Structures are given as C-alpha cells and as structure tokens.
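Heads up: the structure comes next, in structure tokens.
Naming convention: chains lettered A, B, ... in sequence-line order (proteins, then strands); numbering from 1 in each chain. If you're wondering where the values come from, they're calculated on a predicted model, not measured in any experiment. Any value given below was found using the heavy atoms of this structure, including those in side chains, with hydrogens, waters and symmetry copies removed.
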Amino acid sequence: MSEYKFSEDQEKEIASILAKYPFKTSALLPLLTLVQRADQVVSPEAMVAIGKRLDVSPAYVQSVLSFYTMYHTEKVGKYMILFCINISCQLNGSDKLLEHTAKKLNIKVGETTFDEKFTLHREECLAACTEAPMMRVNDTYYGDLTEQRIDQIIDSLD
Amino acid sequence: MTQILFKDINKEGLHTMKVYEELGGYQSLKKAFAQKPDEIVAAVKASGLRGRGGAGFPTGLKWSFLAKDVFPRYLCCNADESEPGTCKDRELLLKNPHLLIEGMILCSYACQIETGYIYMRGEFHDLSFIMDKALEEARAKGYLGKNIMGTGFNLDIHTHLGAGAYICGEESALLNSLEGGRGEPRMKPPFPAVEGLYSKPTVINNVETLCVVPYIVNEGAEKYASLGTEKSKGTKLVSVSGHVKKPGNYEIEMGTPTSELIYNLAGGIRNDNKLKAFIPGGSSVPMLPADKVDTPYDYESLAAAGTMLGSGALIVIDDSVNIVETTLRLISFYMHESCGKCTPCREGTRWLYQIVERIMQNKGQLDYIEKLEDICGNMSFKTFCPLADACVAPVVSSIKHFRSDYEEYFKNVGVSS
Ligand SMILES: Cc1cc2nc3c(=O)[nH]c(=O)nc-3n(C[C@H](O)[C@H](O)[C@H](O)COP(=O)(O)O)c2cc1C
Ligand code: SF4
Ligand code: FES
C-alpha cells in the first residue's frame, strides 16, 4: 500500500479544521469529507493517513466511516444524483420521476453509467420537502422536478 | 399574523451583516450584556419558549439544568434537520444565518459557554459556506472572539458537517458524531446538561429555538408569552408539504387552526381533490384523518387529538392515495435509519416492512393487522431512543384511522399484484 499524501492546500485546511476542536478525533468526519471531495472516494490509504493524523487506528476510521451513508469506498460517477423518495416527494410523484431518470441514464437505481459520469441513488428526505419532488446532484439541490426539467438538468451537465 | 422569525426573510441580502444590522440585527447583545447571565435564563423561562426540534422541552429550564460550576461548557446547535417533511431550519440557515448566530451568542452568554458548534447535516455542505461567511463577518465585527464588546466574555462558534445519518439528529447521537464517532445514541442519564460534549455540560438546541431568543431579549418575555395559547407560547414555523397548492414554510401563531394552514396559507388541496389525512409534526408523529383538520396547531391541542406537534412539519395527503403506500415508505425510512443498537428497533422495523410489503403484494392474511399491532406494542417505549416509537406512529395511526385501506388489499389476496 502506497502512502497517502495530502496536498499543500489540504494541509492548510486540515490545520484550520483541527483548530476548531479541543480534541482532534472530532476532525474525523471533516477529514473524511475533505479527502472524498478531492478523490471522490475514501481509499484504504487515505484511511491510514487520516488515522495517523488523528491518533486513531485505521480500523476505527473504517468503523466510523461505514456508519455514514455519504462516504464511498468504491468508485462513483462524476455526478452523484440523489433522488429523494421520502414522503413529501413520494406524494408528489418521485417514484415515476426516478424511474424516468434511470431510463434516461440507461442504468438501474444504485448503478453508475458506463462512462462513469452519473451515479443514481434513492435518497431519504433532503429537507427541501416544500420543493418536492426534488433531487441533489453533487452539492446542488433541484426542486419542483418534472420529466422535462430532469432531462434539461442532466443534459446540461458535462 | 405576527412574524418573528420570518419578518424580513425575503429581504434582499439579509444573509449579510450589513443588511441584517440595518434591519436591527445584533441589537439584543447590548441589552443582554447589561444584564446578568441568570437574568437572560429567567427571561427565556418566563417567555414559555419550548424546544422546536421535536420534543418541545422548555428551553429556559433546559439551560438552568447545566451542572453548576463545571467548565468548559458547550453549545451545540442542532442543524441536522432530517425529520421527513421538515425544511424550516434550512430556510433560516440559507436566508438568515446571522439570526442564528445572534441567538447562539445570547444563549452562550446566558449559560457561560465559550465554544459553540453548529452541527449541520452533510447534505447542507453549501449552506455551511454561507454560515462560515456569516461567522467570519461576526468575528470581524467583534461579536465573536475574545472580550466581546468589552465585556470580558469570550465565544467562538464553528460549523461541523455530518455525513448522512438521520439518527445524528438525536441529541446524544449528535454528540457522539461531533466527537468523531459513530452516531449512536447514548444512555441517559446523564443528560447532556450534565455530561454532554467531551463529557462537559452541554446545551443542545434546535436552530429555530435559538433563533427566537433575540426577540425575547429585545422585546421582553411578556411580549413573546402574549402570543399563542396559554401553554404553547409564541409563533411556530410550519413546513407545509405534500398535496397542497402552495407548499412552503409559514410562520403562524401557536393555536392557529390546522385548516388555516392547509386551506388558506398553503392554498388548499391540489387539483381540488379532497383532504384524506395529515401528519402534523413530521413523519414521526401519528397521522390524523381529515375530520380533525380544525385542530388548533399547538402542543396541547394536537396531543389531545392523539398526535404531536413534533418538528412542525405538516404533511398533507389527499384522497388519491392509499395510506398503506405512504406508511410503507415511512417504515422503509426508519428501517434504513435504525442505528442497529437495539433489537426491537433493528428487527422490528424490518418485520413491519416485510409484513406491510406482503400486504401490498396481495399476499396478506387477515391476522397480519394484529401482527403489526403486536410488533408495534413490542417496540414502543422499549428502546434506547425514540426512533422505534417514531416508526410505530404511522403504522398504528394508519391502522386506527384507515383500516379499510389495508382491507382493500385483502380483497385481492391470491391475485398477484
Ligand atoms: C431520531 C431523532 C431525530 C432527531 N432529529 C432532530 C433534528 O434533525 N433536528 C433537531 O433539532 N432535533 C432533532 N431531534 C430532537 C433532539 O434530540 C433534541 O431534542 C433537540 O435537538 C433539542 O433541541 P430543542 O430543545 O431546541 O428542540 C431528533 C430526535 C430523535 C429521537
Ligand atoms: S431505537 Fe433504533 S435508532 Fe434508537 S438507539 Fe435503538 S436501534 Fe438505534
Ligand atoms: S421528502 Fe423529499 S425533500 Fe423531504
């Protein structure tokens, strides 16, 4: 296993993250997020490096990581589409729209497109229920979805 | 209707220090710093403010429970907002971050706290930048930092992002998550006020709760207490979603009839369908049938009607829906979010799911409803945290009010779906 190296910018961010907390284990989630934003996944090498930085074992890092749904250890698409199917979105037709999206991308829910551009997942409530049906693509929320709007959004991403 | 939290919510630039201060922001600090910390706690008690995160615990009382003379103490603002149906905190964070900071400064002064965290759900990554920017502005103004406004009081506040787990909204799970662990709830007691973050006395309050405090300090506890009903004071943000024409977050005075929210503020039922059911306080509270729609929206009236105000999320369901479908979706949510620590919750949610799914596949047997009720009985009040009870709520209430929706499926038993 090769050693994981943080970039210079990442080192700066790590320093400012650590400064927030009296105990450094609190920086675990923020560091995992930092790594995943750069690499799209959290690799075993990164787990070791984060563990070292925070004085916890890689196994501990992994046990925490596995608790949270937003971390990935396997490759995902450039665009992660999280489609809310919880109650307010369900009442507003999310199931049909999700089906439409999967068809458009030519994948099943949970899969990644061949070109590794899109991953499509079902998601629980995203706290935007008054804009239902809604989805999140990477960091952006899109509400009041219709089939046309979904097509437009997907076609506009490159 | 009196607007406290949403008074200027759509003003251009409200999220900036400049506009916020032009509209009277941060004025409460001077007033507060002229008083003793205990006086602020007393005012919040007198205002009758209760926690807006779901449990409705009196806020001033919570603050007064902090272990005496133990320092440092921490403040954690619960911005995890993940109760299905709820999206009011997101609007406050997005449009009025300084109101939360002002409220957190007041709480910290009152409780002698020098470090605060805003725990935001991971999906709020973009909002955390807005909040970080607002915190930076507050530091630059000297509202955060050392010796704030010459009082000798020090405070800094930081944002902290979660990473996708509903249970982290539960306050003790939130603390574990903030400490860098798995978000599993802790045994209580000790309560966070005694042993919270890093085992130190900790106040945990919802975003909306903290956002009310500047009003109480500026206008006085009596003025706040004069709003609402005898026991449910003040105003409440309600997220109205589902089958309404104008879904949105609305601020109402406590005690406003639920029908006013649905038919007036939210414009009535879409497609002019008929109201079938509503869930008044987020997915974790029992649903009510349409004939209860005039129930005043406040803690006591909703409790008397057999449900709860919860997080203030009113989910409206019209008569085009079979309630069993909605119920299955909610069970699926709780099954997915159960942290797995206790057996009745981990297994019970799954059993409920399997049984209701079979019913929907027309494979049910008549005793399935009793089975569901039996499992629910073995989950309620038998777990570490209230997540299991939350899963039970839609099941029991849907059976109680909409048994015939289940029976629809039994008519077709044997006919594959
Ligand atoms: C499963 C579960 C999820 C919760 N989620 C949230 C949440 O997302 N936001 C919140 O403010 N409170 C949530 N709560 C309530 C908190 O435990 C706690 O009561 C609240 O943050 C206290 O603040 P308050 O007194 O200002 O309401 C949740 C509780 C449970 C049991
Ligand atoms: S009730 Fe469920 S979510 Fe709560 S601690 Fe037990 S297993 Fe975890
Ligand atoms: S139910 Fe879809 S955003 Fe809340």
- Task: Measure distances from B/Ile279 to the heavy atoms of chain A and classify the residue's part below 4.5 Å as side chain, backbone, both or neither.
- Result: side chain
- Message: What part of B/Tyr117 gets within 4.5 angstrom of chain A, counting heavy atoms only: side chain, backbone, both, or neither?
- Response: side chain
- Counting only heavy atoms closer than 4.5 Å, note whether B/Tyr74 contacts chain A via side chain, backbone, both or neither. side chain
- Taken in chain and number order and not counting sequence neighbours, the residues that satisfy salt bridge (Lys or Arg N to Asp or Glu O under 4.0 Å) with B/Lys276 are B/Asp405
- Item | Non-hydrogen atoms of B/Glu179 and A/Thr25 that approach each other most closely | O-OG1, 3.2 Å
- Query: What residue, out of B/Ala163, B/Ser241, B/Pro247, has the most heavy-atom pairs lying under 4.5 Å from chain A?
  - Reply: B/Ala163
- Query: Under the 3.5 angstrom rule, does the side chain of A/Lys20 hit a backbone N or O of B/His160 as a donor-acceptor pair?
  - Reply: no
- If you tally heavy-atom pairs under 4.5 Å between each of B/Glu123, B/Glu337, B/Arg270, B/His336 and chain A, the highest tally belongs to B/Glu123
- Message: For B/Ser177, which atoms come within 4.5 Å of any heavy atom of chain A: side chain, backbone, both, or neither?
- Response: both
- Among the listed options B/Ser283, B/Gly183, B/Pro72, B/Ala165, the residue most often paired with chain A at heavy-atom distances under 4.5 Å: B/Gly183
- Once you round to the nearest 0.5 Å, how far does CG of A/Asn138 lie from CG of B/Asp126? 10.0 Å
- Rounded to the nearest 0.5 Å, how far apart are OG of A/Ser26 and CG of B/Leu178? 5.0 Å
- Test log, rule ring pair (Phe, Tyr, Trp, His ring centres under 6.0 Å), inputs A/Tyr21 and B/His158: CA-CA 9 Å; A/Tyr21 312 101; B/His158 308 283; 7.0 Å; no
- Message: Can you tell me which portion of B/Leu161 sits under 4.5 Å from chain A's heavy atoms? Options are side chain, backbone, both or neither.
- Response: backbone
- Item | Inter-residue atom distance B/Leu197.CG - A/Phe23.CZ, 0.5 Å rounding | 9.0 Å
- Could you look at B/Arg182 and say if it's the side chain, the backbone, both or neither that has a heavy atom under 4.5 Å from chain A? both
- Task: Work out which heavy atom in B/His125 is nearest to a heavy atom in A/Asp139; give both atom names and the distance.
- Result: ND1-OD2, 3.7 Å
- Query: Is any side-chain N of the basic residue among B/Arg329 and A/Asp95 closer than 4.0 Å to the acidic one's carboxylate O?
  - Reply: yes
- Item | Any residue of residues 113-129 of chain A which, by heavy atoms, sits under 4.5 Å from chain B | A/Glu123, A/Glu124, A/Cys125, A/Leu126, A/Ala127, A/Ala128, A/Cys129
- Item | Proximal to chain B - members of residues 50-67 of chain A, heavy-atom separation under 4.5 Å | A/Tyr60, A/Ser63, A/Val64, A/Ser66, A/Phe67
- Query: Taking atom OG1 of A/Thr130 and atom NZ of B/Lys88, what is their separation to the nearest 0.5 Å?
  - Reply: 13.0 Å
- Note on the structure: So, the part of B/Val240 with a heavy atom under 4.5 Å from chain A: the answer is backbone
- Which atoms of B/Glu184 come close to chain A, meaning under 4.5 Å heavy atom to heavy atom: side chain ones, backbone ones, both, or neither? both
- Where does B/Thr326 contact chain A at under 4.5 Å (heavy atoms): side chain, backbone, both or neither? both
- Item | Minimal non-hydrogen separation, B/Gly180 against A/Leu28, with atom names | O-CD2, 3.4 Å
- From B/Phe333 CZ over to A/Gln90 CD, what is the distance, rounded to the nearest 0.5 angstrom? 13.0 Å
- Contacting region of B/Asp318 [heavy-atom separation from chain A under 4.5 Å]: neither
- chain B contact residues among residues 5-18 of chain A, heavy-atom distance under 4.5 Å: none
- Task: Any chance you could measure A/Ile87, atom CD1, to B/Ile317, atom CD1, to the nearest 0.5 Å?
- Result: 4.5 Å
